[in-house]
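Notes follow the structure.
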Protein chains: 2
Amino acid sequence: MTTTSLRPSHGDIMDRTRSGMLLAGGDYSFKGRGGTTFEDRAEPDWTSEMFGARIPETAARGKALFWEGAPAEHIFQIVEGVVRLFRIFPDGRRVVMGFAFPGDVLGIAVKDRYLFTAEAVTPVRMRRASRERLSAQLAEQPQVAAIIFDRMRDELCAVQDQMLLLLCQAAETRIVKFLVRVARKSPGAIEHGEEFELPMLRTDIADHLGLTMETVCRTMTKLRRDGLIAMRGPHKIQIRNARRLLEAAGREETDDADEAWG
Amino acid sequence: MTTTSLRPSHGDIMDRTRSGMLLAGGDYSFKGRGGTTFEDRAEPDWTSEMFGARIPETAARGKALFWEGAPAEHIFQIVEGVVRLFRIFPDGRRVVMGFAFPGDVLGIAVKDRYLFTAEAVTPVRMRRASRERLSAQLAEQPQVAAIIFDRMRDELCAVQDQMLLLLCQAAETRIVKFLVRVARKSPGAIEHGEEFELPMLRTDIADHLGLTMETVCRTMTKLRRDGLIAMRGPHKIQIRNARRLLEAAGREETDDADEAWG
DNA sequence: CGATGCGTTGACATGCCTCAACCTGAGTGG
DNA sequence: CCACTCAGGTTGAGGCATGTCAACGCATCG
C-alpha cells in the first residue's frame, strides 16, 4: 500500500500513449473485493485469457492512459494503482466521472472513441488488450459475452448510483459515502478501523462529487474534529467510528444500496 | 400531441401489474428521433419481431408499469406517452432517474429485479415481451445481441450525460438543458418555435434534476419573463429565443455533447 | 360547494461557493 | 544546510443561490 509514496523510476512506456477504451468505473458496485492488487482476487475470470499473462505495463503518476476523443483501440485492466476518469468542458470545468481500481476494466462500453481521459492518480500497473481481440472473444465465446454483458449492467448501476449520490445530497453525505466506498476496497478499514489509502487529490474528489476543493477539505476536517475519522496526512485515512460514519452516509449505505442495485 | 389533455377511459389492464424490466431512459442520447408516437419513426428495427404487431396495451396516467424490486419478467417498449422512472429511498426522498419516451425500451439492462418503478406520466400505450423471448432472440440472432449491446452503450452514455448535468451546474442551466432535451423530441420546437408538450409534473422535473419544485417554478418563470420561452399552462411550452436558450444551456448543448457521446 | 392536486409566488435561513491568506512537505539550487 | 519555489492542502470572511416554510391561485372533481 505504498502507492502514494512510491517514486516510480519513470513512465516512459505510457507517456502520451493513445490507446485503450473505457468502461468508466465499474468500481463501486462490486462487493467483497479484497486486497490491494488485482492478483489478490480469487476470481479466475475471462480476463486472464483476454489479457494474457504478460508482464503488466506501467504508468507514472499523472500520465494519461488514453485521451478523451482518441480512437479506442485497446481495453485496459488495472492491475495495481488508481486511475481517474474525467472529461474537460469547453469552459474549462473538469468532471471526474469515476476512478478505476485494481481489477477494473476500461474501454468496454465504448464504440470507437474514448469518452474521457484516463490518468494515473498513483503509479499504475495495467494490462492491455486490443479491441479486435475483445470482439473475437465475444464472437467465439458466448460465456465471455455474457460476462461482459453483466459487467455493463454493473457499470450502468454504478453510474446510476453515482447519480443518486449527486442528487439532493448534502456535501457531508456525499463525502462520507465516497469515503466509505473507497474504504470498502481495503479489508479491515471499516470493520477494524485500519488505516487506508485515499490516493486521489482533493480536487479529484471535489470534481467527482460536484463540490469545491475547499468544501471537501472543510468537511473532512469536520469529520476529523467530530471523531469519525483520523488523518495522517491528506491521503492516509482511518475510520474511528464506523457506526456514526455509516449513519452519516444516510442509512442507504449501511444495508441496502449495494443490495438494491444487484 | 394530446397526451396530457387526453382523458383515458381507464387503465384496468396495467393497474398494479408487476412485470417488465428496464433500461432506464435511453431517451436523451438518440438523435433525430422525430414524431410523437413510435410508429412515426423510420427505424424498422429488431423491436418489431421482438414485440410483434399486437395491439399495444394501455396504462392510465399515474399507473405503474412495474415496481422497483419486483421480479423482472418482461421488457416494455413505449409506443405512445411518457413514463417516469424513479426510486424511493428509506427517508422518503424520491429520485427520478429518467423518463421514457415513445420508442424507448425498458428492462433490458436489468438482471432479475426491476431497479426502479415505472409510472405513466401521461396515458401510455406500450408493447410487452417476455424476458425469455429476449433471451431466445439474443441466442438465436447475433445481430440482435449487437443491437442490444449498442443500446446499452447508449444507455450508459445517457446516464453519464445526466450525471454531468447534475455536477457543478446551476439550477437554470440544468432546467434549460432539460427543456432543450425534451424539446428535441418535437420537430420544429427548437428551430421554428412551435409549442411542445412538457408532460411531466414540476415535482418530477425537480426530483430528476436534484432541485426543489419551487426552484423549478421560479426558474421557468424567470425564463418566461426574460423572453426565452412562453408557457400556455404548465405543460405547453414554446421556445421564443432558441439562440439565447441554447446559450443558457452552457454551450455544450449546442454543438458537442450529443456528438461527444456518439 | 368544498375538497383536492398541482402550480406559483414570497420571505427568510443557510449551505456552499468565491476569494484570499496561509500552511506544509518535497524538490532544487546555492 | 538553508533559502526558495511550487504543488497541494487548510482555514477564514463574506455573499449568493437554493432550500424551507408558508400562503395563495387555479383547475378538476365529487
Side-chain angles (χ1 to χ4, degrees), chain A residues 2 4-8 10 60-62 84 91-94 96 119 121-122 165-176 197-225 229-237 248 250, chain B residues 4-8 10 60-62 84 91-94 96 119 121-123 166-176 198-225 229-237 248 250:
Chain A
T2 52
T4 298
S5 52
L6 256 184
R7 287 251 65 76
H10 37 293
R61 173 192 310 227
R84 66 178 149 251
D91 59 5
R93 236 180 40 228
R94 192 185 71 150
V96 174
E119 218 173 70
V121 172
T122 68
L165 191 150
L166 298 175
L167 276 161
C168 39
Q169 298 275 23
E172 182 172 322
T173 313
R174 299 188 200 183
I175 290 172
V176 169
E197 199 74 23
L198 187 73
M200 50 287 283
L201 305 182
R202 294 291 187 262
T203 47
D204 290 336
I205 300 173
D207 290 349
H208 183 51
L209 300 178
L211 302 169
T212 60
M213 196 195 60
E214 292 92 330
T215 300
V216 174
C217 276
R218 271 188 267 268
T219 305
M220 293 194 61
T221 300
K222 179 176 180 298
L223 293 174
R224 181 164 46 72
R225 274 202 302 262
I229 64 172
M231 291 166 54
R232 197 164 59 83
H235 304 292
K236 307 276 190 190
I237 311 293
Chain B
T4 299
S5 50
L6 257 183
R7 286 251 65 76
H10 37 291
R61 175 194 309 230
R84 66 176 149 252
D91 59 5
R93 235 179 42 227
R94 192 185 71 150
V96 174
E119 219 174 67
V121 172
T122 69
L166 297 174
L167 277 160
C168 41
Q169 297 276 20
E172 182 171 322
T173 313
R174 300 189 199 181
I175 291 172
V176 169
L198 188 71
M200 49 290 281
L201 306 182
R202 293 290 188 263
T203 47
D204 291 336
I205 300 173
D207 290 348
H208 183 50
L209 300 178
L211 302 169
T212 61
M213 197 194 59
E214 292 92 330
T215 301
V216 173
C217 275
R218 271 189 267 266
T219 305
M220 291 193 62
T221 301
K222 179 177 181 299
L223 292 174
R224 182 165 45 71
R225 274 202 302 262
I229 64 172
M231 292 166 55
R232 198 163 58 82
H235 304 290
K236 308 276 191 190
I237 310 294

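To find a chain, count down the sequence lines: A is the first, B the second, and so on, and within it residues start at 1. All of these numbers come straight from a predicted model, not from anything done at the bench.
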(request) Examine C:dC16: is either OP1 or OP2 under 4.0 Å from a nitrogen or oxygen in the side chain of A:T215? Give yes or no. (result) no

(message) Please determine whether a side-chain nitrogen or oxygen atom of B:T212 lies at a distance below 4.0 Å from atom OP1 or OP2 of D:dT18.
(response) no

Starting from [atom2] on [N], measure out to [atom1] on [X] and report it in whole angstrom.
| X | N | atom1 | atom2 | result |
| --- | --- | --- | --- | --- |
| B:L211 | C:dG15 | CG | C1' | 15 Å |
| A:K222 | D:dT11 | NZ | C1' | 16 Å |
| B:M200 | C:dG7 | CE | C1' | 16 Å |
| B:L166 | C:dC16 | CG | P | 16 Å |
| B:D204 | C:dG5 | CG | C1' | 13 Å |
| B:Q169 | C:dC17 | CD | C1' | 15 Å |
| B:R61 | D:dT28 | CZ | C1' | 11 Å |
| B:L209 | D:dG19 | CG | P | 11 Å |

Out of [options], which nucleotide sits closest to the side chain of [X]?
| X | options | value |
| --- | --- | --- |
| B:M213 | D:dT10, C:dC16, C:dT8 | C:dT8 |
| B:T221 | C:dT9, C:dC16, D:dG19 | C:dT9 |
| B:P234 | D:dG19, C:dT8, D:dG9 | C:dT8 |
| B:H235 | C:dG7, C:dT9, C:dC17 | C:dG7 |
| A:R224 | D:dT18, D:dC21, D:dT11 | D:dT11 |

Check if the side chain of [X] and the base of [N] share a donor-acceptor pair of N or O atoms closer than 3.5 Å.
| X | N | answer |
| --- | --- | --- |
| A:R202 | D:dT11 | no |
| A:E214 | C:dC19 | yes |
| A:R218 | C:dG15 | no |

(message) What I want to find out is whether A:R202 reaches A:D207 closely enough, with some N-O distance under 4.0 Å, to be called a salt bridge.
(response) no

(request) Provide the closest heavy-atom pair for B:A206 versus B:T212 in the form atom of the first, atom of the second, distance. (result) CB-C, 3.5 Å

(message) Categorize B:M231 for me: base, sugar-phosphate, or nothing, with a 4.0 angstrom heavy-atom threshold over every strand shown.
(response) sugar-phosphate

(message) Could you check whether any side-chain N or O of B:R61 sits under 3.5 Å from a backbone N or O of B:P123, counting only pairs where one atom can act as donor and the other as acceptor?
(response) no

(message) Tell me whether B:R174 contacts the main-chain N or O of B:L209 through its side chain, where contact means a donor paired with an acceptor under 3.5 Å.
(response) yes

(request) Please round to the nearest 0.5 Å and tell me the distance separating atom CD1 of A:I205 and atom CG of A:L198. (result) 4.5 Å

